[in-house]
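When reading the values below, keep in mind they use all heavy atoms of this one structure, side chains included, and skip hydrogens, waters and symmetry mates.
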Amino acid sequence: MANCNELFSLYNSAIKLSEERRTILRAVRNSLRKKIERKFNELIFDETLEFHSQGSYVMDTIITPKDDDYDLDYGVYFLGDKSKEDRPDAKEFHDAILFAVGEDESYADVTDKDTCVRVRYDKEKFHIDLPIYYADSPTNPNLAHLSKDWPLSNPVEFIAWFEEKVASGFQKAFLYERRMFSEYKQWQSDIRKEDAQLRRIVRYLKGWSDELRGEVHTSGSIYRPFKPYSTVGCYC
């Protein structure tokens with residue numbers, strides 16, 4: 001059987017999001033957070049605001065797609081004590097974030113989706129999704145979904161499940177408690193240095209899915225940046 005380890009290692013290096021792009025994502029994410037926090041004082045809500053990173057950025061399974069439209073998910077949490085029946089409609093929370101982000105935004109394209117508010121930066125070829133939650137605590141959030149009735153949705157639980165499989169030492173408190181921020185940053189640094197096999201496998205599958213998006217055949221190359229290499233049945 002052919003040893004494809006070197007090929008997959010090179011492929012992983014090619015699709016893994018670069019540090020430069022990570023830095024851009026973090027800067028834009030932080031800028032959006034500041035805009036929302038500034039505008040929140042103008043909105044009529046009894047709730048308080050919190051934010052949590054989530055998804056592939058936290059788990060370091062994020063990739064650079066072939067069309068460069070990479071993304072980051074950043075949860076916006078309205079913390080309050082209202083029941084589903086007593087709280088405002090989910091659309092009001094979406095409108096609040098649309099107002100906070102888009103009122104004076106001329107550079108990015110801000111759109112409303114069922115599950116989030118999306119801020120797209122076409123020139124840089126990435127977007128940031130802002131899913132909105134209502135909860136009495138960050139550990140028990142309901143998603144402000146425009147076509148469903150406040151479904152329970154806790155991305156931190158998925159991160160914890162995945163990191164348990166990787167045995168990375170992840171703690172939910174990294175995302176729930178501000179006092180753990182320095183430990184969280186150290187944990188992120190450690191997992192990226194280690195780059196566990198399961199993370200690489202997820203990236204390979206995401207890269208292959210991206211390669212075949214919109215296609216029904218398998219004649220394309222999994223080794224995207226180096227087209228002379230074909231798939232030849234090599235899967236990791």
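A cation-pi geometry, defined here as NZ or CZ lying under 6.0 Å from the six-membered ring centre and within 45° of its normal, does not hold between Arg203 and Phe8.
Ring pair Tyr74/Tyr57: centre-to-centre distance not below 6.0 Å. For an aromatic pair to be called close, the ring centres must be under 6.0 Å apart, and His52 with Tyr77 satisfies this.
Each of Asp136, Asp46, Asp89 was scored for a salt bridge (Lys or Arg N to Asp or Glu O under 4.0 Å) with Lys82, with one residue passing: Asp46.
Within a 6.0 Å radius of CD in Glu20, no more than 12 heavy atoms belonging to other residues, nucleotides or ligands are found. The environment of NZ in Lys113 is sparse: at most 12 heavy-atom neighbours from other residues, nucleotides or ligands sit within 6.0 Å. The local environment of NZ in Lys84 is crowded, with over 12 non-hydrogen atoms from other residues, nucleotides or ligands closer than 6.0 Å. Atom CZ of Phe181 has 12 or fewer neighbouring heavy atoms from other residues, nucleotides or ligands inside a 6.0 Å radius.
Looking at Lys16, its side chain never comes within 3.5 Å of a backbone N or O of Ile63 through a donor-acceptor pair. Checked by atom type and distance alone, the side chain of Ser209 never pairs as donor or acceptor with a backbone atom of Leu205 at under 3.5 Å.
Checked for salt-bridge contact, Asp195 and Arg199 miss the test: no charged N lies under 4.0 Å from a carboxylate O. By the 4.0 Å N-to-carboxylate-O rule, Lys172 lies too far from Glu163 to be salt-bridged with it.
Note on ring orientation: taking the six-membered ring where Trp is involved, the planes of Trp150 and Tyr134 are perpendicular (angle over 60°, cut-offs 30° and 60°).
At a cut-off of 3.5 Å, with distance as the only test, no side-chain donor of Asp114 or His145 sits close to an acceptor on the other residue.
Neither Tyr133 nor Leu175 shares a network with the other; the hydrophobic side chains, linked directly or stepwise wherever heavy atoms of I, L, V, M, F, W or Y lie under 4.5 Å apart, form separate groups for each.
Side chains of Phe78 and Phe40 form a contact here, defined as non-hydrogen atoms less than 4.5 Å apart.
What you find for Asp60 and Arg192 is that their closest heavy atoms are OD2-CG, 3.2 Å.
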